[in-house]
Amino acid sequence: MDTDRLYPMPAPEDDPRFSFGLLADVVSVLERHGYPRPTHGRDLIDLHGALFGFLYALPTETASH
């Protein structure tokens with residue numbers, strides 16, 4: 001196990017940082033780097049889910065903290 005990893009973090013019950021504003025910022029970064037802007041609802045839902053999966057350990061996973 002790599003104990004130096006910071007992510008995924010334990011999933012909080014509520015984290016105001018994980019917002020649609022964060023998603024909009026990630027979309028803007030992707031676009032600035034030349035990727036097509038995701039505008040379809042399913043693309044945005046999948047991106048939001050991928051971001052959540054990177055940031056937070058699911059209850060069935062063991063977080064590194």
Side-chain angles (χ1 to χ4, degrees):
M1 179 190 310
D2 187 354
T3 58
D4 294 336
R5 290 191 66 180
L6 297 176
Y7 297 95
M9 301 181 303
E13 286 189 32
D14 185 33
D15 187 348
R17 300 172 297 175
F18 192 76
S19 64
F20 287 107
L22 175 61
L23 180 62
D25 289 346
V26 171
V27 165
S28 294
V29 168
L30 290 172
E31 190 175 32
R32 270 198 321 270
H33 284 270
Y35 292 94
R37 182 177 188 84
T39 57
H40 188 275
R42 188 66 210 179
D43 289 338
L44 294 170
I45 289 168
D46 288 349
L47 179 57
H48 204 238
L51 187 56
F52 186 90
F54 172 77
L55 292 172
Y56 304 115
L58 297 175
T60 58
E61 297 175 333
T62 302
S64 60
H65 297 281

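All values derive from a computational prediction rather than experimental measurement.
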(message) Return the CZ to CG distance between Phe20 and Leu44, rounded to the nearest 0.5 Å.
(response) 9.0 Å
(message) I need the Arg42 CZ to Leu47 CG distance, nearest 0.5 Å.
(response) 12.0 Å
(request) Considering non-hydrogen atoms only, spot the tightest contact between Pro8 and Ala57 and give its length. (result) CB-N, 3.3 Å
(message) Could you tell me if the side chain of Pro12 sits less than 4.5 Å from the side chain of Tyr56, heavy atoms only?
(response) yes
(message) Is any side-chain heavy atom of Ser28 closer than 4.5 Å to one of Arg37?
(response) yes
(request) Report yes if some heavy atom in the side chain of Val27 is under 4.5 Å from a heavy atom in the side chain of Thr39; otherwise report no. (result) no
(request) Evaluate the side-chain proximity of His33 to Val29: yes if any heavy-atom separation is below 4.5 Å, no if none is. (result) yes
(message) In the structure I gave you, are the side-chain heavy atoms of Leu23 and Phe18 within less than 4.5 Å of one another anywhere?
(response) no
(request) To the nearest 0.5 angstrom, please state how far the CG atom of Asp25 sits from the CG atom of Leu30. (result) 11.0 Å
(request) Mind checking the CE-CG spacing from Met9 to Leu55? Nearest 0.5 Å is all I need. (result) 5.5 Å
(message) Starting from Ile45, can I reach Val26 by hopping between I/L/V/M/F/W/Y residues whose side chains sit under 4.5 Å apart?
(response) no
